[in-house]
Student: 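Have a look at the structure that comes next, please.
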Amino acid sequence: MNTGIRAYLKGVTQLKQNLKLKTFIRKARFLGSKYYCPICASKVRKFRPYGFKFPVLTEKNIIGGGYRLNAQCPVCKSTDRERLLYLYLSNKTSLFTEQVKLLHVAPEPALSAFIEKHSNIDYLTADINSDSVMVKMDITEIDYPDKSFDVIICNHVLEHIIDDSKAMSELHRVLKSGGWGILQVPMSLSLTTTYEDFSITDPTEREQVFGQSDHVRIYAVDYLDRLRDAGFQVNPFEWWTDKAFADSNNKHGLLQDECIFVVRKSE
Ligand SMILES: [Zn+2]
């Protein structure tokens, strides 16, 4: 083995040891019995605060968008939303056991790291901006043939896209018949119809109006109609109604009222 390769391998080993040490220190610092992160299998005394504080997020009661005191795992950095998805995928789907081709758009880091470990999953990560994914992808114009994927996960993306119906149609097009997906968005429980205004382009104004500098709308419950218009069957999953999720102490630190929008393609 030449000296260069030996030095590289030594560097990789050192990096892995440092990561393990950091994880160990975080686990020790936050050790407790009240909460449990199922992604990194850590028992912690609390999760960390996470999210934006823009008033509109509270005023419009936007689930999945505002500031939460008990949201982020101090060990693996997973958010409440990632832990909910992990629990759903593990308990309610065969994603981690069957051979599947998965498209994950704007992948959540902790969840993505977990998915990557599974050799049964033919995994493609995509994003329009980020460099830490496998392919650059504009989901209003997906450069893949019809029926390419068994499963699509695309969360907190559609509220950034002006032509969201085109994006939904494209996601539907590349999903195989019988395939399924999870398409989470932040949703207002106060509004009855989705509010959008594409004339607002100033990032600060968008923060005030939509709750984030690059959002173009606030979805309401009619989000489900938009998904149906794109051809999807929609089966919302309410975790608090399922005993496997809703222990009395909410030990996984899940976000109350955060529904999972499960979609299917029938044809
Ligand atoms: Zn964790």
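Just follow the structure's listing: the first ligand is 1, and inside any ligand the first atom is 1. Along the sequence shown, residues are numbered consecutively beginning with 1. These numbers were taken from a predicted model, which means no experiment stands behind them.
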Student: Quick check with a 6.0 Å cut-off and a 45 degree axis cone: is Lys43 positioned over the face of Tyr36's six-membered ring?
Tutor: no
Student: Check this for me: does any side-chain nitrogen of one of Arg81 and Glu258 sit under 4.0 Å from a carboxylate oxygen of the other?
Tutor: no
Student: Looking at residues at least two apart in the chain, or sitting in another chain, which of them share a side chain to side chain contact (heavy atoms under 4.5 Å, CB included) with Ser148?
Tutor: Tyr144, Pro145
Student: Hey, which protein N/O/S atoms does the Zn ion (ligand 1) have under 2.8 Å?
Tutor: Cys37 SG, Cys40 SG, Cys73 SG, Cys76 SG
Student: Check this for me, if you would: do Lys136 and Asp131 make a salt bridge, where the nitrogen-to-carboxylate-oxygen distance has to be below 4.0 angstrom?
Tutor: yes
Student: Tell me, please, which residues at least two apart from Asp127 pass salt bridge (charged side-chain N to carboxylate O under 4.0 Å, His left out).
Tutor: none
Student: Would you please name every residue forming a salt bridge (charged side-chain N to carboxylate O under 4.0 Å, His left out) with Arg83, sequence neighbours left out?
Tutor: none
